[in-house]
Amino acid sequence: MPTVASSALQVPQSRIRELADIAMKMEGVIRLFFGESNIPTPEYIKRAATKALEEGYTFYTENAGLPGLRQDLADYYRRIQDVELDPQSEIVVTGSGVQALNVGIRCILNPGDEALVLTPSWPNQSANVRMDNAVPVEIPLLLRGERYVVDFGGLEAALTPRTRLLIYTSPSNPLGWVATEDEQEGLLKFARRYGLWLIADEVYERLYYQGLGLGDPSPSILRKAGREDAVIVAQSFSKTYCMTGWRIGWLVARRDVAEKATQLNEFIISHAASFVQRAAQTALTQGEEELKRMLGRLKENRDFCLAALRKMPGVTVPSPDGAFYLFPKIEGVTDSFSFCRKLLEESRVGLAPGVAFGAGGEGSVRICYAAEGEILGEAMERLGRFLRESWGREDCR
Ligand SMILES: Cc1ncc(COP(=O)(O)O)c(C=O)c1O
């Protein structure tokens with residue numbers, strides 16, 4: 001009897017999805033478990049897609065994406081990060097951020113290789129490593145006072161002759177942690193010293209609250225890496241432009257990997273949808289004002305939820321510098337999935353269990369605060385009541 005491949009079988013089900021599947025069958029749930037804003041895609045982007053369809057962008061494009069879009073991405077990096085990229089050889093448009101990770105990882109890992117993954121992190125990174133018959137080795141960030149820090153000692157200790165890759169996310173999902181310049185420098189030096197590939201997942205680059213002005217990006221690793229460095233950046237239009245359902249992202253990589261990713265994409269998705277690529281060009285070139293408005297709202301949401309959480313019993317929560325998540329640790333929680341399930345059943349609030357995000361995640365829950373103020377107000381009210389009135393009860397634990 002033929003069986004499913006072991007590389008597929010070893011990929012676990014996402015525990016966020018498992019919780020969401022329960023919640024989807026229930027009425028009146030406030031859904032804060034997924035990583036997306038409930039703001040629809042802005043009209044100017046939708047109009048650009050319609051126009052592109054009318055103009056005939058319904059045919060195949062280059063595997064690396066429309067040359068015009070790659071040029072716009074290179075211009076964007078010059079403008080936003082002060083980084084020079086060659087649009088012909090260092091940028092590949094992909095069918096989403098997760099597809100950028102997928103093809104990037106596929107280009108550099110051999111079966112049996114090990115990838116160090118800074119956690120808690122979005123589970124799709126480790127899952128993608130597993131799909132290539134390779135092994136993710138999770139190294140948790142350490143909470144020091146109000147801030148998470150990279151455990152360089154832990155990274156050193158985890159090295160083996162099979163270690164080939166280090167993946168980190170900044171700004172982080174689920175922590176909202178943003179790597180400092182020193183940490184980025186340290187990660188790059190570490191990768192150079194041990195001959196590793198470094199993948200930076202920067203899909204939340206623009207959701208950053210600590211810049212001099214709202215809209216300033218979090219610093220990209222590309223500011224530090226040279227052209228010849230073994231560095232790959234995975235990127236997406238999903239979060240910055242509220243385009244989760246459109247499925248478009250990109251990859252920046254050293255020339256050899258960009259070339260290979262382009263070629264492999266022929267056999268995976270060939271390319272991102274043509275008219276979506278045109279809409280993405282409009283997002284890149286006209287999106288700044290709308291983005292700033294959204295950031296203003298997200299910052300308010302973050303501050304509101306942070307203040308509410310800090311008043312709740314047994315909750316500790318560091319202030320995040322980016323993305324749109326809070327990751328509070330809740331005293332007494334040793335099984336975050338069952339905590340989230342109880343909260344869902346009793347209070348109809350859907351959060352993502354910390355255990356879904358790998359080592360260092362258990363004991364916490366992830367709250368996505370990219371929802372309207374009233375919804376968040378109601379969610380905080382229900383969560384606070386649950387913690388005060390239900391969570392301590394014998395039958396609830
Ligand atoms: C850290 C991280 N990387 C990548 C992605 C993928 O984004 P998409 O595939 O929608 O472009 C997500 C989405 O939640 C994410 O949180």
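Values below: every heavy atom of this structure, side chains too, minus hydrogens, waters and symmetry copies. First listed ligand is number 1; within each ligand, the first listed atom is number 1. The structure displayed is predicted, hence computed values, not measured ones.
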### Query
What's the spacing between Leu32 CG and Leu376 CG if we round to 0.5 Å?
6.0 Å
## Note on the structure
Interatomic distance, CG@Asp86 vs CD@Gln88, rounded to 0.5 Å, equals 6.0 Å
Just the distances, no angles: every ligand 1 N or O to protein N or O pair closer than 3.5 Å, one line each.
residue	atom	partner	partner atom	Å
ligand 1	3 (N)	Asp201	OD1	3.2
ligand 1	3 (N)	Asp201	OD2	2.6
ligand 1	9 (O)	Gly97	N	3.3
ligand 1	9 (O)	Val98	N	3.0
ligand 1	9 (O)	Arg247	NH2	2.8
ligand 1	10 (O)	Ser238	OG	2.7
ligand 1	10 (O)	Arg247	NH1	2.8
ligand 1	11 (O)	Gly97	N	2.6
ligand 1	11 (O)	Ser236	OG	2.6
ligand 1	11 (O)	Ser238	OG	3.2
ligand 1	14 (O)	Lys239	NZ	2.7
ligand 1	16 (O)	Asn173	ND2	2.7
ligand 1	16 (O)	Tyr204	OH	2.7

### Task
Please confirm whether Phe304 and Tyr369 have ring centers closer than 6.0 angstrom.
no
### Query
Judged by atom type as modelled, is there a donor-acceptor pair below 3.5 Å linking the side chain of Asn265 to the main-chain atoms of Thr262?
no
### Task
Please name all residues satisfying ring pair (Phe, Tyr, Trp, His ring centres under 6.0 Å) with Phe59, sequence neighbours left out, ordered by chain then number.
none
## Note on the structure
With Phe237 as partner, the option from Trp246, Trp250, Tyr76 fulfilling ring pair (Phe, Tyr, Trp, His ring centres under 6.0 Å) is Trp250
